[in-house]
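Worksheet: one structure, shown below.
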Amino acid sequence: MMSSEYAGTRSELPLAIVVGAGGLGMAVARRLAQNHHIVLADINAALAARQAAALIEEGGEATPLDCDVTAETSVAELGNLIRERGGFRSLVHVAGLSIAAGDFTAIVNVNLRGPALVARELLPLALPGACAVLIASMAAHLSSADSVTADILSDPTNPNLALRLAAHLGDQGATPSAAYALSKIGLLTHARTSAADWGRRGARIVSLSPGMIATPMGKGAYAESPNKARMFARSPLKREGSMHEIADAVEFLVSDRAAFISGTDLLVDGGLSAALTHP
């Protein structure tokens with residue numbers, strides 16, 4: 001269920017929707033709360049409420065929202081809330097599942113279909129100058145999709161998206177790691193192919209691909225994927241990025257300083273993709 005209660009009195013603040021109330025989502029929300037009222041959406045209602053309360057305690061304005069991005073009725077509730085408030089200025093879709101989730105269908109639906117449903121619902125509510133940022137991954141730059149897969153990914157709101165991908169890849173190919181990489185490739189594609197639609201509203205849409213970032217979720221991935229440790233050893237900067245550095249990039253992308261950037265991806269990986277593809 002959604003909350004209609006808004007804390008604070010700065011009614012002139014534009015809305016920023018942050019989907020995902022975990023570590024990275026909160027780093028982004030805290031940064032944007034400096035000049036936005038935050039609508040913090042998460043499938044975990046208690047987490048969204050707790051994190052929104054923390055933003056308010058820190059002097060920001062926030063509204064929590066229980067939202068399952070894979071359910072069209074739930075996404076419609078998000079749209080209704082934003083419609084009541086007159087539209088939005090910034091959308092940052094952070095929520096996603098890692099390979100550790102272990103479920104091909106869930107990863108595809110949460111990582112790709114969910115963001116596409118949210119973007120489709122909120123596009124008509126984008127104010128002039130608005131920007132949507134879809135958090136993708138460096139994995140999209142280290143993988144590729146064949147022509148059939150690419151065609152399936154080009155229709156990300158299709159209710160049978162995961163089924164179509166699994167049928168094409170077969171039992172051996174429909175793995176959690178494939179789901180993760182392909183879902184992130186799909187996000188890059190969605191930002192490119194949606195740019196014209198957003199542009200007609202005087203708005204922008206981009207994707208942002210973090211590399212190895214120190215997050216609570218990311219810590220577990222080292223145990224699940226020995227390859228991650230090997231990749232870290234080849235990082236040109238010899239460190240993980242911080243959540244604050246991703247928040248820096250998001251803050252730039254949604255600002256007027258990035259007003260001519262749309263339909264593309266910003267890779268924030270400390271040069272790791274370059275090191276892996278050009279050793």
Side-chain angles (χ1 to χ4, degrees), residues 13-42 48 51-52 54-55 58 60-63 65 67 69 78 82 87-96 98 111-112 114-116 118-119 122-123 125-127 129-141 183-184 187-188 190-192 194-195 198 203-218 240-270 272-273:
L13 287 178
L15 289 187
I17 304 138
V18 178
V19 182
L24 182 56
M26 281 300 289
V28 169
R30 283 190 167 93
R31 185 65 57 83
L32 297 187
Q34 297 176 32
N35 50 20
H36 292 79
H37 181 112
I38 304 298
V39 173
L40 189 61
D42 197 280
Q51 300 286 52
L55 291 173
E58 294 164 8
E61 295 185 22
T63 299
L65 176 68
C67 183
V69 299
L78 170 60
I82 303 307
F88 72 96
R89 182 63 170 73
S90 304
L91 163 65
V92 187
H93 199 292
V94 182
S98 72
N111 289 9
L112 178 54
V118 169
L122 296 181
L123 171 57
L125 305 174
L127 298 173
C131 181
V133 180
L134 309 178
I135 301 298
S137 169
M138 175 184 72
H141 295 263
S183 66
K184 299 305 186 178
L187 286 181
L188 269 62
H190 190 59
R192 288 196 298 268
S194 300
W198 284 74
R204 301 178 291 115
I205 184 169
V206 296
S207 57
L208 188 159
S209 292
M212 301 181 76
I213 307 300
T215 67
M217 180 184 293
E240 290 185 309
S242 73
M243 293 186 288
H244 293 300
E245 287 172 311
I246 299 303
D248 287 339
V250 169
E251 183 181 32
F252 166 69
L253 287 172
V254 303
S255 75
D256 290 338
R257 291 171 294 162
F260 205 54
I261 300 176
S262 190
T264 190
D265 182 72
L266 177 61
L267 178 60
V268 186
D269 73 341
L272 180 54
S273 297

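Heavy-atom minimum distance, A247 versus A27: CB-O, 3.7 Å. In terms of heavy-atom proximity, H141 sits nearest to S273 at CB-OG, 4.3 Å. For M243 against G23, the heavy-atom pair with the smallest separation is SD-C, 3.3 Å. Shown here for S137 and S209, the closest heavy-atom pair between the two residues is O-OG, 3.3 Å. Scanning all heavy atoms of the two residues, the minimum distance from S90 to V254 falls at OG-CB, 3.6 Å. Nearest approach of T264 to A191, heavy atoms of both residues: O-CB, 4.4 Å.
Applying the salt bridge (charged side-chain N to carboxylate O under 4.0 Å, His left out) test to residues at least two apart or on different chains, the pairs with a partner in residues 15-34 are R30-E58, R31-D248, R31-E251.
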* **Chi angles and distances behind the side-chain contact (heavy atoms from CB on, under 4.5 Å) call for L40, M26** => CA-CA 9 Å; L40 189 61; M26 281 300 289; 3.9 Å; yes
* **Intermediate values then yes/no, side-chain contact (heavy atoms from CB on, under 4.5 Å), V69 and L78** => CA-CA 9 Å; V69 299; L78 170 60; over 6 Å; no
* Run the numbers on V39 and F88 for side-chain contact (heavy atoms from CB on, under 4.5 Å), then give the verdict. => CA-CA 10 Å; V39 173; F88 72 96; over 6 Å; no
* Asked: side-chain contact (heavy atoms from CB on, under 4.5 Å) between N111 and L187: does it pass, once the steps are laid out?
  -> CA-CA 8 Å; N111 289 9; L187 286 181; 5.6 Å; no
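To the nearest 0.5 angstrom, L32 atom CG is 11.0 Å from I17 atom CD1. To the nearest 0.5 Å, atom CZ of residue R204 and atom OG of residue S194 are 14.5 Å apart. Rounding to the nearest 0.5 Å gives a distance of 5.0 Å between CG of D256 and CZ of R89. Put simply, CG on L188 and CG on L112 are 10.5 Å apart, with the number rounded to the nearest 0.5 Å. Here the straight-line distance linking atom CG of N35 with atom CG of L13 works out to 7.5 Å at 0.5 Å rounding. Of the inter-residue distances, the one linking E245 atom CD with I213 atom CD1 reads 7.0 Å to the nearest 0.5 angstrom.
Between V19 and C67, every side-chain heavy-atom pair lies at or beyond the 4.5 Å cut-off.
Exactly one residue among D269, V268, I135, L267 makes a side chain to side chain contact (heavy atoms under 4.5 Å, CB included) with P210. That residue is I135. For the pairing with V133, the side chain to side chain contact (heavy atoms under 4.5 Å, CB included) check across L253, L266, L91 returns one residue only, L253.
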